[in-house]
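Bear in mind the structure is a predicted one, so any value in this text is a computation, not a measurement. Naming: A, B, ... by sequence-line order, numbering from 1 per chain.
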Amino acid sequence: MQRKLSDQEIRRREELETLRAKGIDPYPYEYNRTHTAEEILARYSDEDADALKNVSVAGRIMTIRRMGKATFCHIQDATGRIQLYFRKNDLGESYDLLKLLDIGDIIGARGFVFRTRTGEITVHVQQFQLLTKSLTVLPIPKETIEDGKRVVHHPFRDKELRYRRRYIDLIVNPEVREIFRKRAEIIRVIRQFFDERGWLEVETPILQPIYGGAFARPFVTHHNALDIDLYLRIATELYLKRLIVGGYEGVYEIGKNFRNEGMDRMHNPEFTALELYVAYKDYNWMMELVEQLLLEIVQKVFHITTLHIGSHEIDFSPPYHRIPLVEAIEQATGINVLSASEETLRSSLEQRGIEVEESAGKGKLIDELFSEFVQPTLIQPTFIIDYPIELSPLAKRHRSKPGLTERFELFIAGTELANAFSELNDPIDQRQRFEEQARLRAGGDEEAMVIDEDFLYALEVGMPPTAGLGIGIDRLVMLLLNQESIREVILFPQMRPDNPASSTATPQQQEASSPSGQEVSEQ
RNA sequence: GACCCCGUAGCUCAGCAGGUAGAGCAACGGCCUUUUAAGCCGUGGGUCGCAGGUUCGAUCCCUGCCGGGGUCACCA
C-alpha cells in the first residue's frame with residue numbers, strides 16, 4: 001500500500017507524466033561527465049578561462065533561482081556544489097524543460113565555465129538532461145555565507161529522521177558525509193599500518209556454535225539444515241587465537257560484533273571491532289604499538305598530533321602514561337583493592353553513595369570503584385595496566401604480581417578505547433578460568449563465558465606467547481571526530497522498526513508479529 | 001527496565017488559561033536574461049503521533065499506547 005501523498009508529491013508525479021508525454025525519459029541509463037564540481041572549482045582560472053570551455057557535470061539540484069528567461073541553480077555531486085547558469089537565448093525550447101525540474105532532481109549539464117558578476121565560478125549551460133526525477137521533497141535548507149563562514153538556516157537535524165533516512169541526511173548535511181569519509185580513512189590507515197608489518201587480515205565466523213571472547217549476551221539464530229542454534233559472535237578473539245596456533249604470526253580482523261544489550265550513545269547492538277594478535281610479543285610491546293598506531297592515525301588523517309575532543313585538547317604523542325589499576329584506584333580513593341576484603345570494598349562504595357548489587361563479586365566491586373572514581377579523570381591517553389585475574393579470564397597471569405594479569409586498557413577523554421593482554425596460552429590455566437566462568441554462569445551471571453572445548457584443544461596443541469589487542473572502531477571514530485553519539489558514526493544505527501500500523505494494531509497482532517523472546521540456552 | 005522531556009504543513013519552529021491553527025523556507029500562478037537565504041504580487045497546503053476519557057466542545061486537560069531524545073541501570 002502506498003502511503004498518502006502530499007500535494008507536492010502528487011505534483012511531481014504529474015510532472016513525471018508530463019515529461020514522459022514529451023518523450024523524455026526521466027530515468028535514463030548513463031551520462032558522460034567530464035568534471036566533478038571540485039575539479040572545476042580547482043582548475044578554473046580567469047587568465048585561462050578557455051581551458052574549461054566544454055565541460056559536463058552531473059549532480060542533484062540543491063538550489064534553484066528562476067528569473068524568467070535566465071535561471072541559476074546549484075547542483076551537488078560527491079565532491080561538492082557547482083553553480084549552473086541557464087539562459088533562454090542559449091537553450092531555446094529546451095529552456096522550458098526547466099519548468100519541469102525541481103530541487104532534488106538529478107541532472108547532467110554541458111557548457112563552458114565562467115565567473116559571474118558576483119564572482120562565483122559557474123557553468124554556463126549549453127545543453128542539459130534530466131538524469132533522475134525525484135518524487136519527494138527534500139529538506140534542503142537555505143545557506144548563507146556570513147564572515148566567510150557557512151551558515152545553514154533551519155538545518156535538517158531531527159535525529160530520528162536523520163538516522164532512519166540516512167540517505168537524506170547525507171544529501172543535505174555535508175558534515176555528515178565528511179564523518180563517514182573520515183571513518184573510512186581511519187580504517188584505511190589502520191589496515192595499512194598492520195599490512196606494512198606483514199600481518200594477515202582474516203575473516204572468522206560470524207555465526208558461531210559457541211560464542212566467546214567477551215562478557216556479553218549474544219543474539220541467537222537458527223540454522224535450519226543443521227537444526228542447531230547459532231550465535232552471532234560477540235568477539236573474534238577465540239578464532240583469531242586458533243589462527244596463531246595454526247602458525248600465522250600476526251592476524252587481525254576488522255568486523256562486526258553483536259551484543260544483545262541496551263542501546264545508548266555509546267552502544268549499538270552491532271558494532272565494528274578490531275582485533276589483532278601477534279606471536280612472540282607481550283602487552284608491553286603492544287602498548288608501544290598502540291601508541292604508534294594512534295599517532296599514525298591522527299597524523300595521516302588529521303595532519304596534526306593534538307585533537308580537540310569535548311572540552312579537552314588531547315595530545316596523541318607518545319609515550320602515554322602507564323598506571324597500574326590498583327595504584328590508580330588507591331590514588332583516587334585511598335583504598336588498596338588488593339589488600340581490602342570484599343566487605344571493605346562494598347562498604348566503601350556504599351559510603352560514597354554508590355549502590356552495588358548483592359551478587360557483585362570482588363572483581364565487579366573493583367571495577368565499580370575504577371569506573372566511578374578513576375575513569376572520568378583519564379583525559380590524556382593513559383594505559384591502565386595489570387587487572388585482577390577475576391576480571392580477565394583470557395589474559396595471562398602477571399609474571400611478577402600475584403592475583404593480577406598482564407592486561408591493559410587505554411583511556412582517552414574518559415572513554416575506554418582499547419583492551420589488550422599478554423594472551424593466556426597455558427591450556428590448564430585456561431580450563432580453570434573457564435570453569436570459574438561456568439560457576440558464575442550457573443550462579444546466574446548471564447554474561448559469564450561459555451567453555452569452548454575446541455579452543456582449549458587448540459591451546460593444548462600449543463599457542464606461542466602472543467600479544468592481543470581489541471579496539472572498538474566506532475568509539476575510536478567517535479572520539480577522533482568529537483562526536484557525542486555512536487549513532488553519528490554508524491551509517492544505519494539500529495532503530496525500532498517504524499511501522500505506522502503498529503500504533504493501531506491490537507495487542508494480539510503485536511504479539512504475533514514480535515520475535516519470540518528467546519533466552520540464551522545454557523551450555 | 002526506571003525516570004524526565006519531546007511528537008503541530010515537505011523542513012525548522014510558533015501557538016492555544018479548552019472554541020479544530022500560524023511564520024520562515026519549500027510548493028503553485030504571474031513579472032523578472034549574471035542571481036545566490038534573489039526580489040516583487042498572488043495562491044494552495046494540516047486526522048496538531050495513535051486510541052480512549054473528561055467536556056456542550058480537545059491540538060491543548062487526564063489515561064494508555066507508538067516513536068524519538070536524555071539520565072540512570074545494564075553493557076564487566
Side-chain angles (χ1 to χ4, degrees), chain A residues 4-12 14-15 62-74 81 83-91 95 99 102-104 114-120 122 124 136-146 150-164 168 172 214-217 234 259-269 271 355-357 360-361 363-368 370-371 387-388 390-393 409 416 419 437 440 445-449 472 484-485 487 495-507 510:
Chain A
K4 195 177 171 232
L5 298 175
S6 70
D7 57 344
Q8 295 191 49
E9 290 172 312
I10 291 165
R11 192 190 59 76
R12 288 191 179 214
E14 288 167 357
E15 264 176 5
M62 300 298 282
T63 67
I64 191 158
R65 292 175 292 284
R66 304 171 199 268
M67 302 186 310
K69 296 187 179 66
T71 295
F72 287 89
C73 78
H74 281 100
R81 290 189 187 184
Q83 182 169 253
L84 305 183
Y85 175 50
F86 302 81
R87 215 165 59 159
K88 173 93 174 168
N89 283 9
D90 305 308
L91 295 163
Y95 184 86
K99 264 191 146 54
D102 294 293
I103 288 175
F114 75 113
R115 191 183 288 277
T116 64
R117 208 179 277 164
T118 49
E120 181 163 353
T122 299
H124 189 127
T136 66
V137 184
L138 289 174
I140 294 172
K142 291 277 183 179
E143 295 178 19
T144 43
I145 305 294
E146 282 163 29
R150 177 173 162 268
V151 179
V152 183
H153 304 267
H154 307 302
F156 175 63
R157 64 183 164 207
D158 182 291
K159 285 184 173 151
E160 180 174 4
L161 280 173
R162 285 185 47 233
Y163 300 149
R164 285 192 195 281
I168 293 176
V172 304
F215 298 99
R217 288 197 280 173
I234 60 172
R259 297 187 184 175
N260 206 340
E261 284 152 0
M263 299 155 56
D264 59 36
R265 38 183 287 275
M266 299 296 282
H267 300 85
N268 195 61
F271 62 98
E355 287 181 31
V356 278
E357 288 170 31
K364 203 149 202 163
L365 295 169
I366 292 171
D367 190 59
E368 193 65 33
F370 174 78
S371 50
Y387 282 66
E390 48 283 45
L391 288 173
S392 317
E409 291 192 334
E416 180 198 334
N419 181 22
Q437 289 293 311
L440 291 172
D445 184 347
E446 289 184 76
E447 277 137 16
M449 290 183 185
E484 286 185 356
S485 169
R487 295 174 167 208
M495 302 286 280
R496 224 179 267 273
D498 179 29
N499 176 9
S502 69
S503 56
T504 52
T506 65
Q510 288 183 36

Could you give the [atom1]-to-[atom2] distance, from [X] to [N], as a whole number of Å?
X: Asn268(A); N: G68(B); atom1: CG; atom2: P; result: 13 Å
X: His153(A); N: G10(B); atom1: NE2; atom2: C1'; result: 19 Å
X: Glu143(A); N: A37(B); atom1: CD; atom2: C1'; result: 9 Å
X: Ile103(A); N: G10(B); atom1: CD1; atom2: P; result: 16 Å
X: Ile140(A); N: G24(B); atom1: CD1; atom2: P; result: 20 Å
X: Ile234(A); N: C74(B); atom1: CD1; atom2: C1'; result: 15 Å
X: Glu14(A); N: G44(B); atom1: CD; atom2: C1'; result: 14 Å
X: Ile168(A); N: C11(B); atom1: CD1; atom2: C1'; result: 10 Å

Determine the interatomic distance between [atom1] on [N] and the same-named atom on [M]; round to the nearest Å.
N: C62(B); M: G68(B); atom1: C1'; result: 23 Å
N: G10(B); M: G45(B); atom1: C1'; result: 10 Å
N: G1(B); M: C16(B); atom1: C1'; result: 36 Å
N: G70(B); M: A26(B); atom1: P; result: 31 Å
N: C66(B); M: C25(B); atom1: P; result: 39 Å
N: G42(B); M: G57(B); atom1: C1'; result: 36 Å
N: G44(B); M: C3(B); atom1: C1'; result: 44 Å
N: A14(B); M: C48(B); atom1: C1'; result: 13 Å

Review point. Do the side-chain N and O atoms of Tyr95(A) and Thr71(A) include a donor-acceptor pair separated by under 3.5 angstrom?
Key: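 The criterion, which ignores hydrogens and geometry beyond distance, is satisfied for Thr71(A) and Tyr95(A).
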What's [X] touching, base or sugar-phosphate or nothing? Going by heavy atoms closer than 4.0 Å.
X: His74(A); result: base
X: Thr144(A); result: base
X: Gln8(A); result: base
X: Phe156(A); result: sugar-phosphate
X: Phe114(A); result: base
X: Arg150(A); result: nothing
X: Ile145(A); result: nothing
X: Asp367(A); result: sugar-phosphate

[X] versus [Y]: any side-chain heavy-atom pair under 4.5 Å?
X: Glu409(A); Y: Tyr387(A); value: yes
X: Pro269(A); Y: Asn260(A); value: no
X: His124(A); Y: Phe86(A); value: no
X: Ile366(A); Y: Glu368(A); value: no
X: Arg487(A); Y: Lys159(A); value: no
X: Glu15(A); Y: Asp102(A); value: yes
X: Tyr85(A); Y: Thr116(A); value: no

Could you write out each protein N or O paired with an N or O of nucleotides 69-71 of chain B at a distance under 3.5 Å?
unit_1	atom_1	unit_2	atom_2	d
G69(B)	OP1	Arg487(A)	NH1	2.2

**Study point:** Phosphate-side-chain proximity, Arg164(A) and G68(B), N/O vs OP1/OP2 below 4.0 Å
**Key:** yes
**Study point:** Along RNA chain B (nearest heavy atom to each residue), the more 5'-positioned of Arg117(A) and Ile64(A)
**Key:**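 Looking at the nearest nucleotide for each, Ile64(A) comes out on the 5' side.
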Review point. Which comes earlier along RNA chain B counting from the 5' end, the contact point of Pro155(A) or that of Arg65(A), where each point is its nearest nucleotide?
Key: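 Comparing both residues, the 5'-ward one is Pro155(A).
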Point to revise | Over all atoms of both residues, closest heavy-atom pair of Pro141(A) and His153(A) | key: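 It is CB-O, 3.2 Å.
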Exercise for review: Rounded to the nearest 0.5 Å, what's the gap from NE2 on His74(A) to OG1 on Thr122(A)? Could you check?
Suggested key: 6.5 Å
Exercise for review: Could you grab the distance from atom CD of Gln437(A) to atom CD of Glu447(A), nearest 0.5 Å is fine?
Suggested key: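 Output value for this atom pair is 11.0 Å.
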Exercise for review: May I ask you to verify whether the side chain of Gln83(A) and the base of U35(B) hold a donor-acceptor pair under 3.5 Å?
Suggested key: yes
Distances for protein N or O near nucleotides 28-31 of chain B N or O, under 3.5 Å:
unit_1	atom_1	unit_2	atom_2	d
C28(B)	OP1	Arg11(A)	NE	3.4
C28(B)	OP1	Arg11(A)	NH1	2.8
C28(B)	OP1	Arg11(A)	NH2	3.0

